[in-house]
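The figures that follow rest on heavy atoms only: side chains count, while hydrogens, waters and symmetry mates do not. In the text below, chain A, chain B and the rest are named by the order of the sequence lines, each starting its count at 1.
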Amino acid sequence: MSQISLTFPDGNTKEVPAGITPAEIAEGISKSLAKKAISAQVNGAHWDLAWPIEEDASIAINTMQDDEAALELIRHDLAHIMARAVQELWPDVKVTIGPVRDHGWFYDFDRAEPFTPEDLGAIEARMKEIINARDVVKTEVWDRDRVRQHYIDTNEPYKVELLDRIPGDEPIRMYWHGDWQDLCRGPHLQHTGQVPADAFKLMNVAGAYWLGDSSRPMLQRIYGVAFKNREALKAHLTMLEEAAKRDHRRLGREMELFHMQEEAPGQIFWHPNGWRIYTTLQDYMRRKQDADGYVEVNTPQVVNRNLWEASGHWENYQEHMFIVEVDEEHAREKTVNALKPMNCPCHVQVFNQGLKSYRDLPLRMAEFGSCARYEPSGALHGIMRVRGFTQDDAHIFCSDDQIEAETQKFIEFLAGIYADLGFTDWKVKLSTRPEKRIGSEEEWDRVEAALGNATKAAGYDYTINEGEGAFYGPKLEFVLTDAIGRDWQCGTFQVDPNLPERLDASYIGRDGEKHRPVMLHRAVVGSFERFIGILIENYAGKLPLWLAPRQVVVAAIVSDADAYCVEVVEKLKAAGIRAEADLRNEKINYKVREHSVGKVPYILACGMKEVEDRTVSTRKLGEKQTKVQSLDEIVAELVAEAKAPDQR
RNA sequence: GCCGCAGUAGCUCAGUGGUAGAGCGCACCCUUGGUAAGGGUGAGGUCGGGAGUUCAAUCCUCCCCUGCGGCACCA
């Protein structure tokens, strides 16, 4: 038998017979390691203890102390255990796939009846029985035809299809625990009892298309979460509760920011508090844009079909457009219009007025453009995904050789805004040429390189989103990570030579000839509606003072202090602070609680002591202790803190 | 759009084949209270919309709308 050389984590090497398994290696090291071992890393790959090693390799034995390997195995095996439990309870259910994901796993089933919450309880109970049975996991490599015949015989059509999708040269592994069998690439634990029985939970059932394809059957997906121990599971469930508390739909109600109702699905009724956030953010963006060389325009909402046909939207985007037909009294035919889903065609119309010179470029045309898109009903989500929204949109008309410089300028612009708004953790993705595209390979090469180079020049790294660009050009996407680790794609930057062509935009070059400009579509926050939702959730409603709709409530402790409270409010208002008095016949405890729930950043309480000393008792949101300050002191402090970041 | 679940007072929710309840909020009264809910009284609902079954429907059936969780979508 041939020998192979294994390298251990400590750098030692050992000659062993080819075909040795990690289980045997662990056994050779120590009895206790053999007992604790759960899997191995072989040349960096996650390796089942039972898989033979046939060539020279580096090897490390994993135990339950190795979090990544342990969680992977626990979650993966739970997917199989759940599938087995389901088939034991309902033998006619067809199994499909069940990958590890996020904090757990999911498994998709084909079953005529929907799973109910009671079913989930039954499945969970059955899973615990399987775990307690400590069934040994067995593995065998089968040849392809045998697997296919097996799944034809057992009437598992999805497995047959999966089998056919496995590349021809990969070994096909069959696993068992108990009598239950599955096709799976592994690795696995050694027996079901290694899975902690009290550290998982089935969360919910949802529909999911087979292979993610909306033309394929809808399956039922059961989601589960799993951890190494019960404490970790509990911590996760607590985290979910905390996340639910910062849900912008809930905070939107508690802070009286907005509401939505069924007469206008996907559109927002902004209340005074919410609209204050909106206009504050928009004012800030306008100042930033003005300072960065943009000109602001405003264009029509309802635009005739002719323009959408010329731009290509009528052909490619019509299903997402609100169509407005108007019977004009004297017209022979109805005129057909659409609410604009995007601003770009209108901006080209502005550009096309009058002859443009190369001296006018780059022309940075901005609009807080109100758009309407008929989003699929299932996509709507609070104020994050809506049918009526306003973008911080702009189009930069420029020549080819200005693309790179404009890209870099934009990234620097965006970075400053994200920092001002409290987001320092964000990344750049470069989406490259898709399969269906226009333009030459040389053009794509050049423009993709321009975007990549500009990103680096601005001081940022990027990852590639292969094939995710628009059909007319590549794009950059800016994804920010919020306070609880969720990613949101907000900023975008797209190179578009297509629309100027379609809408016949041109400028006169230095050579006196007509040239075609390129358009750079760009946005920083994306839609104000969605971005405000992100801000609310990121800050859990505790917005920085400059964005907070109600900045200060002056609360009377006794009614004899009412007049003084009003005086304090007037003084704050005169200094530009958004302040109101709370003179209601309630105890200070009640007022403090209510305004804390309403996320008011500062409560200034005033009783007779404050009246006599002309002071206030300041309580900052989220803090328990209070501070007695003179009127002048608190006004000065608040004025300083309430300044927008660009005005400090 | 697809699968599943849900829709009862402003909010959170309970409930029943015989025209409905709680807590909070709201109004009024008492209380003037020192930093996260003081007490009392009262008002408030076409039980999402439509059709059907029934002597009778908020409750059962069907259709629609909206929301929620996913999936798909996000030229």
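- One C1' atom belongs to C47(B), the other to G18(B), and the distance between them is 16 Å to the nearest Å.
- Taking atom C1' in both A20(B) and A57(B), the straight-line distance is 14 Å, to the nearest Å.
- Within the nucleic acid shown, Pro376(A) comes within 4.0 Å of at least one base atom, counting heavy atoms only.
- Residue contacts for Ala379(A): at a heavy-atom cut-off of 4.0 Å it reaches a base atom on one of the strands shown.
- Between Arg216(A) and Glu161(A), at least one side-chain N (NZ, or NE/NH1/NH2) sits under 4.0 Å from a carboxylate O, which counts as a salt bridge.
- Note on His381(A): only backbone sugar-phosphate atoms sit closer than 4.0 angstrom, heavy atoms only; bases stay farther off.
- Ring geometry for Trp270(A) versus Trp275(A): interplanar angle of 30 to 60°, hence tilted.
- We find that Lys627(A) and Glu633(A) are not joined by a salt bridge, their nearest charged nitrogen and carboxylate oxygen being 4.0 Å or further apart.
- A72(B) makes up no base pair with any nucleotide shown, lacking Watson-Crick or G-U wobble contacts both under 3.5 Å.
- Using a 4.0 Å heavy-atom cutoff across all strands shown, Phe106(A) reaches no nucleic acid atom at all.
- Remark: the separation of the P atoms in G45(B) and A51(B) is 23 Å, to the nearest Å.
- Between C11(B) and U46(B), the distance separating the two P atoms is 14 Å to the nearest Å.
- For the P atoms, the distance from A14(B) to G52(B) is 31 Å, rounded to whole Å.
- A salt bridge is absent between Asp496(A) and Lys475(A); no separation between the charged side-chain nitrogens and carboxylate oxygens falls under 4.0 Å.
- Look at A56(B): it lacks any Watson-Crick or wobble partner with both distances under 3.5 angstrom.
- Heavy-atom nearest nucleotides on RNA chain B were determined for Met342(A) and for Gln220(A), and the one closer to the 5' end corresponds to Gln220(A).
- Within the nucleic acid shown, Arg250(A) has no heavy atom closer than 4.0 Å to any nucleic acid atom.
- Ring geometry, His259(A) versus Phe269(A): the interplanar angle falls under 30°, so the pair is classed parallel (tilted spans 30 to 60°).
- Base pairing annotation: G44(B) forms no Watson-Crick or G-U wobble pair, as no partner gives both donor-acceptor distances under 3.5 Å.
- His236(A) and Phe227(A) have their aromatic ring centers within a separation under 6.0 angstrom.
- Looking at heavy-atom distances under 4.0 Å, Gly382(A) makes contact with sugar-phosphate atoms alone, never a base.
- Remark on RNA chain B: of its neighbouring residues Val558(A) and Gly312(A), the 5'-side contact belongs to Val558(A), judged by nearest-heavy-atom nucleotide.
- Distance check on atom P: G7(B) versus G48(B) gives 8 Å, rounded to whole Å.
- Note that the first and last nucleotides of RNA chain B, 5' to 3', having any atom under 4.0 angstrom from a heavy atom of chain A are G1(B) to A75(B).
- Nucleotides C3(B) and A9(B), compared at atom P, are 29 Å apart to the nearest Å.
- A 3.5 Å limit on both hydrogen-bonding distances identifies C13(B) as the Watson-Crick or G-U partner of G21(B).
- Residue Arg221(A) is classed as a sugar-phosphate contact, given heavy-atom separations below 4.0 Å to backbone atoms only.
- Among the protein residues, Glu610(A) comes within range of the nucleic acid bases, having at least one heavy atom under 4.0 Å from a base atom.
- Residue-level contact check: Lys609(A) touches the bases, meaning some heavy atom is under 4.0 Å from a base atom.
- Residue Arg387(A) is classed as having no contact, given no heavy-atom separation below 4.0 Å to the nucleic acid.
- Using a 4.0 Å heavy-atom cutoff across all strands shown, Ala208(A) reaches sugar-phosphate atoms only and no base atom.
- When heavy atoms are screened at a 4.0 angstrom cut-off, Arg385(A) is found touching base atoms of the nucleic acid.
- Taking the P atoms as reference points, U54(B) lies 29 Å from G15(B), given to the whole Å.
- Pairing for U35(B) is absent, with no Watson-Crick or G-U wobble pair whose two atom distances lie under 3.5 Å.
- Searching all strands for a Watson-Crick or G-U wobble partner of G67(B) with both distances below 3.5 Å returns C5(B).
- Between Glu254(A) and Arg250(A) there is a salt bridge, since at least one side-chain N of the basic residue sits less than 4.0 Å from a carboxylate O of the acidic one.
- Checked for salt-bridge contact, Lys245(A) and Glu537(A) miss the test: no charged N lies under 4.0 Å from a carboxylate O.
- Using a 4.0 Å heavy-atom criterion, one finds that Met608(A) contacts the bases of the nucleic acid, with or without backbone contacts as well.
- Taking the six-membered ring where the residue is Trp, His320(A) and Tyr317(A) present tilted rings, their angle falling between 30° and 60°.
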